[in-house]
Amino acid sequence: MIAVSAASGALGRLVIAHLRTRAEVVAVVRDPGRAPEGVPVRRGDYDDPASLREAFDGVDRLLLISSPELDTARRIGQHLAAVAAAKDAGVGAVVFTSFLGADTAATGLTEAYHATERAVLGSGLPYTILRHPFYGDPFVPRVSGGELTASTGGRGLNTAFRSDLAEAAANVLTGEGHLGRAYDLTGPLWSHPEVAAALGVPYREVPDAGPGAMSWINAQVRAGLLERQTPDLERVLGRPAETVVSRALELHTTPR
């Protein structure tokens, strides 16, 4: 039996959809009223370790989807509780959705993921680590006023869509040869000028709107820190990952 934690979230629902026809799967959620339809549901709250131990009972493989909690200390506590519950429940293997760079850095965005990876490795449980890039879904450029603008310096981004990352997770959960491995999952590299050219509109670089998460990300892009590429996502999918250019073209040509 496969369990998917945080299954009521966007990624969890997509993974469940892939697994329904492949394996016996159970959705582990904090609020059973928000669980995906069509599969058994168990209550498992990252802030309630006892509920996690009960939810993970009899599970052969667990997809531990990272908590949406923004407070790093609390997030680490939630993840460590989930890993401990998996070990106590005798889970056969853990697949954890981490973040790119979490194996080498423990600061800022990667801190909670780094701590969780160490906990997974220290648990002695068979494991697979899936290090995600930023999700491509909110990054798809949209034309406004007949042009496309951004503050990325024309540098590349290695985002990947949730749909591809969910399918990759389902493949790992149901396939063989993945245990003991860590995958650095990157989508096809793209840039805003490239998308503008594909859409046939002008591209204009603009200043950042102000402080905030997006400005921080733009600075990372301008520094070339989101240009890392690996073949891992395509290998796990068994096909090329969807490109941002193709998604942008689809959105641009779809009647509104």
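Being a predicted model, the structure only gives us computed values, none of them experimental.
- With respect to Glu242 and Arg247, a salt bridge is recorded, a charged nitrogen being found less than 4.0 Å from a carboxylate O.
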### Query
Can you check salt bridge (charged side-chain N to carboxylate O under 4.0 Å, His left out) on Arg43 and Asp45, steps first, answer last?
CA-CA 7 Å; Arg43 179 181 175 275; Asp45 187 336; 3.7 Å; yes
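- Leu189 and Ile217 are not part of a single hydrophobic cluster, where members link through side-chain heavy atoms under 4.5 Å apart.
- By the criterion of side-chain heavy atoms lying less than 4.5 angstrom apart, applied directly or through intervening Ile, Leu, Val, Met, Phe, Trp or Tyr residues, Leu62 is grouped together with Leu125 in one hydrophobic cluster.
- A donor atom on one side chain and an acceptor atom on the other are not found under 3.5 Å apart for Thr128 and Arg181.
- Side-chain contact check for Ser98 and Glu117: at least one donor-acceptor pair (N or O, by modelled atom type) lies under 3.5 Å.
- For residues 96-110, every residue pair satisfying the salt bridge (Lys or Arg N to Asp or Glu O under 4.0 Å) rule, not counting sequence neighbours, is listed here: Asp103-Arg131.
- Sorted by first then second residue, the ring-ring contact (aromatic ring centres under 6.0 Å, His included) pairs that include residues 231-250, not counting sequence neighbours, number zero.
- Around the CZ atom of Arg20, the shell of radius 6.0 Å holds more than 12 heavy atoms that belong to other residues, nucleotides or ligands.
- Other residues, nucleotides and ligands contribute only 12 or fewer heavy atoms inside 6.0 Å of the CZ atom of Arg118.
- Looking at Gln78, Arg75, Arg74 one by one, the single match for side chain to side chain donor-acceptor pair (under 3.5 Å) with Glu69 turns out to be Arg74.
- A 4.5 Å side-chain heavy-atom check between Pro40 and Glu24 finds every atom pair outside the cut-off.
- Within the structure, every pair that satisfies the ring-ring contact (aromatic ring centres under 6.0 Å, His included) test and touches residues 54-80, not counting sequence neighbours, is listed here: His79-Phe96.
- The other members of the hydrophobic cluster of Val25, by chain and number, are Ile2, Val4, Leu11, Val15, Ile16, Leu19, Val39, Leu63, Ile65, Val95, Leu130, Tyr135, Leu165, Val172, Leu173, Tyr183, Leu185, Leu233, Val236, Leu237 (side-chain heavy atoms under 4.5 Å, ILVMFWY only).
- The list of side-chain hydrogen bond (donor to acceptor under 3.5 Å, both in side chains) pairs with a residue in residues 50-59, not counting sequence neighbours, is empty.
- With Asp184 contributing its side chain and Leu100 its backbone, the two residues share no donor-acceptor pair below 3.5 Å.
- The ring-ring contact (aromatic ring centres under 6.0 Å, His included) contacts involving residues 203-237 comprise nothing, where partners must be two or more places apart or lie in separate chains.
- In this model, no donor atom of one side chain and acceptor atom of the other lie less than 3.5 Å apart for Asn218 and Arg155.
- Under the 3.5 Å distance criterion, with hydrogens and angles disregarded, no donor-acceptor pair is assigned to the side chains of Tyr113 and Thr97.
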